[in-house]
Participant: 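Below you will find the structure I want to go over with you.
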Protein chains: 2
Amino acid sequence: MSMNPIKCHSCSARASRLCSSLDEDAIYELDAIATRIEVSKGNYIFQEEDPSSYVYNISTGMGYLERLSSDGRRQIMAFLFPGDYIGLIPDPIVNVSAGGLTDMSVCRWNIKDIENLIDKHPEFEHRLRRIGNRVLATTLDQLFMLGCKDAREKLAFFLLQMEKRQLVALGEIETIHLPMTRGDIADYLGITVETVSRIFTRIKKEGLIELPDSNEVVIKNRELLEEIAEYNGIDY
Amino acid sequence: MSMNPIKCHSCSARASRLCSSLDEDAIYELDAIATRIEVSKGNYIFQEEDPSSYVYNISTGMGYLERLSSDGRRQIMAFLFPGDYIGLIPDPIVNVSAGGLTDMSVCRWNIKDIENLIDKHPEFEHRLRRIGNRVLATTLDQLFMLGCKDAREKLAFFLLQMEKRQLVALGEIETIHLPMTRGDIADYLGITVETVSRIFTRIKKEGLIELPDSNEVVIKNRELLEEIAEYNGIDY
DNA sequence: CGCGTATTTGATCTATCTCAAAGGCCGTGG
DNA sequence: CCACGGCCTTTGAGATAGATCAAATACGCG
């Protein structure tokens, strides 16, 4: 984990929900109080037990938010895409860790500094609230998925969600790239690795998807997949 | 559903997270733009398909937030206690309905009116964001519960959560009152009615709880129940 | 090329679901 | 005031989706 000076105006996440709330002048203030962190694949941005007086914005790379139980069970709360914001202000982040699925560049701010920025730029507070609203809406979708769907529906939901997020964050649409392992997917969907693998095989046989390799998915029958997932998707 | 004039300063939810953010002067402004709604048991405050340009605060009574799938599966997203706030500003409420477990009194505001109030009282925006943060933290707990816990752990989690919420919202501690049906509990925990019932019987036999009647629970072995639930509980 | 890890597949097991029915509680109407 | 009907809860018996255990294959990396 190293730190470097950054330049917001040339940042690839400049258009992210957090940063785009500020105009060209104000962005320099955000820049001035930011720290750029490089996190390599498999390492953590922060962990549950960390002091957590920071908030973060993903610049490049992908990651996940997870929570572990004392006996080792794991729930992935979200997969993180470039532009994603993590953090609660002024409340500290609660009981989650953020890890890297790939090498990542992450911007980090001290909560206190952000609070000062809020005082100067009220529209920033507004934006933070909007981001929070969106996260809540996504999390409710996920709650519904975990509580009501069976394994096949869960995987369909997951694939469509990943496709949509990838489209918005990266602009790629041909194939869905899955930087996470089957185990990560399992922990996101509340099922086991073996079940994830079996369902992949099954929906491939059903002609719903193709698997050029295990980390690339091409949707062949979107209509049916959407019907199975019952996923309309919130706009990211 | 009837409407009456209200008086915030004498409202039993005056200390709620929403209303307590304003001082005695400002509360009159909140009062002036509020509509009091009476919702009787079994009816809805609002439903998924409603235009949803309002936000709400529970004054008295209890309810739930639910989402239904097209084939009738149901997920209860939250149980609502007096003082609970519902709503996203300026985004509309998404795909959830709010129903009454008991007769309820609910305050309702037009989102536009609240936005005007925010302009006048910036601390109100701040408060809204804090409320959102809290809801998110609760929802993440729930996500973890749904994804990782087995039926017994889920019920233990539920009972401790209800106890804590009841303590904060109503100040009652002797017994846990459950105004919801076994079916509601099932839909909250992502299991079936029969399983809920069986687990109640089981943990009663195990000496963890007593059931004076099916809607009242007394915790007999809190230590073990907490260990099973792995629930520390966020502060409500 | 060979090791370690991830994925897939197979064979069983089991927690929970489903289907079914009995018992209890409550409100309604006679 | 009691009887009836409907709903909720509990309990039982059997079915099953998904978990667990185990092993073979495939993949990426040094």
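Quick note: numbers below take in every heavy atom, side chains included, and nothing from hydrogens, waters or symmetry partners. Just so we're on the same page: letters track the sequence lines, and every chain starts at 1. Worth saying up front: this structure is predicted, and the values here are computed from it rather than measured.
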Participant: Quickly work out the B:Arg182 CZ to C:dG23 P distance and round it to whole Å.
Facilitator: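 Those two atoms, CZ and P, are 19 Å apart.
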Participant: Return the value, rounded to whole Å, for the distance between atom CG of A:Asp184 and atom C1' of C:dT7.
Facilitator: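 Nearest whole value for this atom pair: 13 Å.
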Participant: Expressed in angstrom and rounded to an integer, what is the separation of B:Glu216 atom CD from C:dC25 atom P?
Facilitator: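 Between P of C:dC25 and CD of B:Glu216: 13 Å.
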Participant: Charged N to carboxylate O under 4.0 angstrom, B:Glu206 versus B:Lys220?
Facilitator: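 Answer for the salt bridge query: no.
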Participant: Can you name the closest pair of heavy atoms from A:Ile176 and A:Met162 and give their distance?
Facilitator: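 Distance-wise, the nearest heavy atoms are CG2-CB, 4.0 Å.
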Participant: So, are B:Glu227 and B:Arg222 salt-bridged, with charged N and O less than 4.0 Å apart?
Facilitator: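 Answer for the salt bridge query: no.
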Participant: What is the distance, rounded to the nearest whole Å, between atom CG of A:Leu146 and atom C1' of C:dT16?
Facilitator: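 The distance from CG of A:Leu146 to C1' of C:dT16 comes to 17 Å, rounded to the nearest Å.
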Participant: Are any of the side-chain nitrogens in B:Arg165 or B:Asp84 under 4.0 Å away from the carboxylate oxygens of its partner?
Facilitator: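 Salt bridge flag = yes for B:Asp84 with B:Arg165.
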Participant: Grab the CG-C1' distance between B:Leu189 and C:dA15 for me, whole Å please.
Facilitator: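 Rounded to whole Å, this separation is 15 Å.
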Participant: Just how far, in rounded Å, is P of C:dT18 from CZ of B:Arg73?
Facilitator: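 The distance from CZ of B:Arg73 to P of C:dT18 comes to 10 Å, rounded to the nearest Å.
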Participant: Base, sugar-phosphate or nothing for B:Ser197? Non-hydrogen atoms, less than 4.0 Å.
Facilitator: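 The residue B:Ser197 makes base contact.
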Participant: Classify every nucleotide of nucleotides 18-30 of chain D by which part a protein heavy atom approaches to under 4.0 Å, writing B for the base, S for the sugar-phosphate alone and - for neither, in 5'-to-3' order.
Facilitator: SSBB---------
Participant: Once you round it to whole Å, what is the distance between C1' of D:dC8 and CE of B:Met180?
Facilitator: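 In whole Å, D:dC8 C1' and B:Met180 CE are 15 Å from each other.
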Participant: Do NZ/NE/NH1/NH2 and the carboxylate oxygens of B:Asp184 and B:Arg74 come within less than 4.0 Å?
Facilitator: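 The answer is yes: the pair qualifies as a salt bridge.
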Participant: Less than 6.0 angstrom separating the ring centers of A:Tyr56 and A:Phe46, yes or no?
Facilitator: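 Here the rings of A:Phe46 and A:Tyr56 have centres that are less than 6.0 Å from each other.
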Participant: A:Lys154 has an atom NZ; how far is it from atom P of D:dA17, in whole Å?
Facilitator: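 Result: 14 Å.
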